[in-house]
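Before any comments, here is the structure.
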Amino acid sequence: MDRLLQYLLKTFISRGQFRVTTSRGTTFSCGDGTGKPVAVRFVTRAAEWAILKDPELKLGETYMDGTFVVEQGTIADVLELVLSQTIEAPQWGRLQWVFRYVHRRFQQFNPRRRSRKNVAHHYDLDGRLYSLFLDADEQYSCAYFESLDQSLDDAQLAKKRHLAAKLLIPPGKSGQDLRLLDIGCGWGGLGLYLAELTGAKVTGITLSKEQFGIANSRATERSLSERAEFRLMDYRDLREHFDRIVSVGMFEHVGVNHYDTYFRTCAELLDENGVMLLHSIGRSEGPGITNPWIAKYIFPGGYIPALSEVIPVIERNGLLVTDIEILRMHYAETLKHWRERFLAHRNEVERIYDRRFVRMWEFYMAASEMSFREQDMMVFQIQITKRQDVVPMTRDYIGREEQRLRGLEGERRAPLRLAGE
């Protein structure tokens, strides 16, 4: 077994410094000796077999269970080294991928009841968990880093400003008359920002009971209840019309089976002169599958789409794409901030849950970050309308509108809460 493990790992890992200790105490090294040294140890023979047979699922499971131990470096370092390799996966790995691709539509079949269950699995966890690593406004989506030295709080504020600028909400009374829908509103941060700074009448919807309660409480605390309403409901059950629609970090939970339903519903909800903005994680190398470990432990029913899977559905539902922006490394930086904050509070997380949960979420954040740094993940923002002349001919308006919103933020700036407070 030790020889097989050594042969396969040395075949796959051709770069870096990777030292392995097997469950029987055999030690060997892989890579070309460059980069940061990383060392791991297998505690059991079962862990070795599991990772060899199905690394995409079992690497995370064995790390969670403590049978795959990182002795030098961190699990983020291990994943960075592994995901940066250029050697193709072995034949049985490709067969597993094909099998999972064929079955992905079943795994992403998300009728209303299953959607609620999937959302509760992740977003209805103990609220203290998210407050330990998110920014003050609890934005649980990709931040917009205007510079690499920008703080997480400032980058998340820049994200909200960037989204608001693309929504083209006019100042003054015209903006106050707009009806705006936020699909997948989270804890209400973006909706409250838009209601406060633009005066738009915001309706936010979520399937998370925790998010629903907190979002409405925040609206009450900030005296915005008349302009921001949050509902516990599925987007498929809406029967109203809106001038603006925004959806941030929700589309990843829709599933490929439901893309037509999603955009057909948005087309029915959006006014003829309306603007929609979709912000989602995407993959830049074509259709794929959800990582099996992520699907099992973190986001059941979820899928990260390729643009080639999204644009045709938008078109056939009578909608026009007026702008696309790709954010490449922004989510990697966001996840790095989250991971560092999470690990700084790991003892508190362990008190809320347990050590296995801490390792699970550390692996989740590290794997997600490295998929943006080393593989094909990115974030896309798609601006959508029903008519060609609804948005300006050039993108200059985005910068001008961001500047105007920045001025309004300065007038309303409130003290920030530090992570963990």
Side-chain angles (χ1 to χ4, degrees), residues 137-139 141 156-157 159-208 211-251 262-263 265-279 319 322 381-387 390-392 397-398 401-402 404-409 411-414:
D137 197 41
E138 299 204 337
Q139 291 290 302
S141 58
Q156 289 290 13
L157 179 59
K159 184 264 300 290
K160 289 179 286 188
R161 186 188 308 129
H162 197 58
L163 292 167
K166 292 183 179 184
L167 285 168
L168 285 162
I169 302 173
K173 189 176 186 307
S174 298
Q176 294 172 10
D177 292 336
L178 285 183
R179 300 152 299 170
L180 187 147
L181 173 64
D182 184 358
I183 303 177
C185 62
W187 293 275
L190 176 61
L192 295 173
Y193 174 91
L194 294 169
E196 185 175 23
L197 264 73
T198 72
K201 187 169 179 56
V202 174
T203 300
I205 60 172
T206 178
L207 293 178
S208 165
Q211 292 180 342
F212 165 70
I214 291 172
N216 278 304
S217 295
R218 294 178 70 191
T220 301
E221 290 169 5
R222 293 166 63 173
S223 301
L224 288 170
S225 295
E226 292 186 2
R227 303 221 63 84
E229 172 198 10
F230 300 98
R231 304 177 190 172
L232 185 65
M233 70 181 302
D234 194 293
Y235 72 93
R236 290 167 282 198
D237 295 326
L238 278 166
R239 297 293 183 270
E240 301 165 51
H241 284 90
F242 296 92
D243 304 291
R244 300 290 186 270
I245 298 176
V246 65
S247 186
V248 178
M250 175 272 181
F251 191 68
Y262 179 86
F263 286 110
T265 301
C266 289
E268 293 169 354
L269 297 172
L270 187 64
D271 183 81
E272 286 299 312
N273 295 309
V275 177
M276 175 179 173
L277 190 61
L278 177 66
H279 170 116
L319 297 167
T322 51
Q381 291 183 351
I382 307 178
Q383 187 190 60
I384 301 167
T385 66
K386 289 185 174 181
R387 292 176 42 212
V390 171
V391 300
Y397 71 91
I398 298 174
E401 185 63 8
E402 285 179 329
R404 183 181 74 84
L405 292 167
R406 189 178 282 109
L408 293 174
E409 292 162 8
E411 297 172 9
R412 294 172 170 81
R413 189 175 297 275

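Considering only residues two or more places apart in sequence or on other chains, T198 meets the side chain to side chain donor-acceptor pair (under 3.5 Å) condition with none of them. Partners of R404 by side-chain contact (heavy atoms from CB on, under 4.5 Å), not counting sequence neighbours, listed by chain and number: P171, E401, L408. Contacts of A195 classified as side-chain contact (heavy atoms from CB on, under 4.5 Å), with partners at least two apart in sequence or in another chain: V202, R227, A228. With sequence neighbours excluded, the residues forming a side chain to side chain donor-acceptor pair (under 3.5 Å) with R231 are E229, E240, listed by chain and number. Residues passing the side chain to side chain donor-acceptor pair (under 3.5 Å) test with D271, sequence neighbours excluded: none. Residues passing the side-chain contact (heavy atoms from CB on, under 4.5 Å) test with L224 are L192, E196, R222, sequence neighbours excluded. By the side chain to side chain donor-acceptor pair (under 3.5 Å) test, E221 pairs with no residue at all, sequence neighbours left out. Qualifying ring pair (Phe, Tyr, Trp, His ring centres under 6.0 Å) partners for Y235, counting only residues two or more places apart in sequence or in other chains: Y262. Every residue meeting the side-chain contact (heavy atoms from CB on, under 4.5 Å) condition with T322, not counting sequence neighbours, appears here in chain and number order: Q383, T385, V391.
Considering every non-hydrogen atom in both C185 and T206, the closest pair reads SG-CB, 3.9 Å. When all heavy atoms are compared, the tightest approach of V248 to S141 is CG1-OG, 3.4 Å. In terms of heavy atoms, L168 sits closest to P392 at CD1-CD, 3.7 Å.
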>> Is there a side chain to side chain contact (heavy atoms under 4.5 Å, CB included) between L194 and D182? Walk through the geometry before answering.
In response: CA-CA 10 Å; L194 294 169; D182 184 358; 5.9 Å; no
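The distance from the OG atom of S225 to the CG atom of N216 is 7.0 Å, given to the nearest 0.5 Å. Atom CZ in F263 sits 13.5 Å away from atom CD in E268 (nearest 0.5 Å). To the nearest 0.5 Å, atoms CG (L270) and CD1 (I384) are separated by 9.0 Å.
A side-chain donor-acceptor contact under 3.5 Å links R218 to the backbone of W187. Remark: the backbone N or O of Q211 is paired with a side-chain donor or acceptor of S208 at under 3.5 angstrom.
At a threshold of 4.5 Å between non-hydrogen side-chain atoms, the residues C266 and L278 do not count as touching. Contact annotation: the side chain of I205 approaches that of I183 to within less than 4.5 Å [non-hydrogen atoms, C-beta and beyond]. Using a 4.5 Å heavy-atom threshold, the side chains of F230 and I214 count as separate. R179 places none of its side-chain heavy atoms less than 4.5 Å from the side chain of T203. Contact annotation: the side chain of L180 never approaches that of L178 to less than 4.5 Å [non-hydrogen atoms, C-beta and beyond]. For the pair F242/M276, no side-chain contact is recorded, criterion being any heavy-atom separation below 4.5 Å from C-beta on. Contact annotation: the side chain of H162 never approaches that of L277 to less than 4.5 Å [non-hydrogen atoms, C-beta and beyond].
The one candidate from V246, L190, L163, I382 that meets the side chain to side chain contact (heavy atoms under 4.5 Å, CB included) condition with H279 is L163. Considering E402, Q156, E409 in turn, E409 is the only one that fulfils the side chain to side chain donor-acceptor pair (under 3.5 Å) rule with R161.
Ion pairing between a basic and an acidic side chain is recognised when a charged N comes within 4.0 Å of a carboxylate O; E272 and K386 show such pairing.
Of the N and O atoms on the side chains of K160 and Q139, not one donor lies less than 3.5 Å from an acceptor on the other residue.
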